Amino acid sequence: MTRASRIEQYGLIGDMQTSAHVGDDGSIDWLCLPRFDSDAVFAAMLGTDEHGTWRICPDTDVVAARATAERRYCGNSLVVESEWKTPSGKVRVTDFMPPRAGAPCLIRMVEGVAGAVQMVSTLRPRMGYGRVSPWIHEERGRMVAEAGADALWLDTSTQQKEKDGSVVSWFTVAAGESVAFVLSWSASHAPPPDVPDPDAALAATLGFWREWTRQCTYDGPDREAVVRSLITLKALTYVPSGGIVAAPTTSLPEEIGGERNWDYRYTWLRDASTTLAAFLGTGYRQEAQAWRRWLLRAVAGDPENLQIMYGIRGERDLPDERVLGWLPGYEGSAPVRVGNGAAKQLQLDVYGEVIETLYLTHRSGVARCGDTAVLHQRLVEHLAERWQWPDEGIWEVRGPRRHFVHSKVMAWVAVDRTIRLAEAGVLSVDLVALMKLRDAIHDEVCVLGFDPVRNTFTQSYGSAELDAAVLLIPRVGFLPADDPRVVGTVEAVRRELSTPEGFVRRYATAGEQAGVDGLAGDEGAFLLCNFWMVDALALTGRLDEARDLFDRLLGLRNDLGLLAEEYAGGRQLGNFPQAFSHIGLVESALLLHRLAPSPPSRAMGNGWDVFLASVRPASRCVTK
């Protein structure tokens, strides 16, 4: 049976080591165990039910299509509640994954609310991304599915039977009754995992999220959306190491039926750095400290070979990108890929994002770390040798390397923030040399990366293409927001990169300017770029337009407050939920709140909440 759920019809649950996607039809169609980057045991999201799923819902043989469901997160948590109304009664299903203390487990609690409802649970595990049918059998009163190195244990008080490669339970819940299902993972050679008490696990899970969200210092407009985004970002954190995945899925398409399908279950320095900026701006320092330790371990004593991405535990050697040919892809969008070939790319902007985050960490009061200072200095030394190289850029193009303007701007950021830290006495560097380097980068970008005829910064030196990433120029302080070149760039991006729905793309993928990324097909509006547009509009004094766009972006979230990577044709596209999108939401909310009480002219230079007040007026180089 083909999966029909749209991307936005899924909710996210997780234990900060892996996660699961729960559809509004009661199906869990994506789950990797025991880690984000492990093989999926449910992969129906990228294929059919035969590739692995677990559905609990009213028995369709009884209520057919007459059952309706409503769902929500239980307060500020990662616990999903779905309520089903049928002709015979009402039932609630609560899905969650407790923060891990022992074996990873997924708990589904079914409670009768009114009347009596006949229910069915169908667990169809398929290890190896849907390729391997496990050996399902009973062991000491417990159902277990084993294949290779993995074992899944399903515990419940209802009768279970194996049927056609599935574990099926039919049962009825009346008002006041409840049935719990606990799915636990273990290595197949290990002893069976203990069975947690579902009620105690639920209380502990709710308690964890309640305490964590209380640390949020943001109390401005749209706080609910900000907190939900922060919870989502925390859910994408691999707590044992401090690494952060860009998204918990692979190969959800940027275009239905297209080839732009990528594996995001790794830690990109860029994504993780900007996630930490969002955490720091809302009062979360522990995550910054954990990530700083992760960075030291991952980069180790080898900063000259800095990678753009690592494994979630800091692994340097990542699996080669490969295609899973047995999976047809989400709505037929093939190929399905695991691994990511971009791991071997050169992307110079990551120096800027990493050093920016180290700067923000210092500004936020996190204690100085001598080892980090040494790493920082070595990164700047290597950047000084490489900043003039062409690279693949922020969007990881698979075409020829270019001198991307955003990459050069972020190289400038790396040098600028290093100078600031040195002036604050945190680093010991050659200030004169770095100031000359900062000016050299700035001058080159303003000459080679600017089109004076159209009054806009371009995607790369000498190109006519535009790139939404240049919207960051005022936010990072490269130029003041009232500079005519900045205003012209904002107008050009809106004019030339807009979609029919009034949002913006990253860059052109069709027409005369297509071809930079080396891929066929098209894509939708990249949501992070639209939050950058919010920031650019706000910084250039157009607060009403910025607020209107921000409200429209909030309206794209699904019923649980989640955003994918892109949006087109009235639906969400790309990997889901996407850290970048939720980072953009948090930072735009902080900036709009910061700018609202004061005229925009008092806030030129940078939009990051904890950083805004510290940015000096940027130099105004002369375009030659």
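Predicted model, so just to flag it, every value in this text is computed and none were measured.
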Closest heavy-atom pair and its distance - Ser241, Arg297: O-NH2, 2.7 Å
Straight-line distance of Ser251 OG to Tyr129 OH, nearest 0.5 Å: 9.5 Å
Arg223 NZ/CZ over Tyr218 ring centroid, <6.0 Å and within 45° of normal: no
Donor-acceptor contact below 3.5 Å, side chain Asp271 vs main chain Thr267: no
Closest non-hydrogen atom pair, Arg108 against Val22: NH2-CG1, 4.2 Å
Side-chain donor/acceptor of Gln572 to backbone N/O of Ala564, under 3.5 Å: yes
Distance (rounded to the nearest 0.5 Å) between His362 NE2 and Leu427 CG: 9.0 Å
Lys/Arg cation over aromatic Tyr238: Arg313, 6.0 Å, 45° cone: no
Side-chain donor or acceptor of Thr282 paired with backbone N/O of Ala278 under 3.5 Å: yes
Exercise: identify the closest heavy-atom pair between His582 and Ser229: ND1-OG, 2.9 Å
cation_pi(Arg316, Tyr310) dist<6.0 Å, angle<=45: no
Parallel, tilted or perpendicular: rings of Trp268 and Tyr264 (30°, 60°): perpendicular
Trace of the side chain to side chain contact (heavy atoms under 4.5 Å, CB included) decision for Phe526 with Ser581: CA-CA 8 Å; Phe526 200 83; Ser581 300; over 6 Å; no
Aromatic ring pairing Phe42/Trp54, orientation class (parallel under 30°, perpendicular over 60°, tilted between): tilted
Any side-chain donor near an acceptor of the partner, Gln347 and Arg270, under 3.5 Å: yes
Geometric class of the His406/Trp532 ring pair [parallel <30°, tilted 30-60°, perpendicular >60°]: parallel
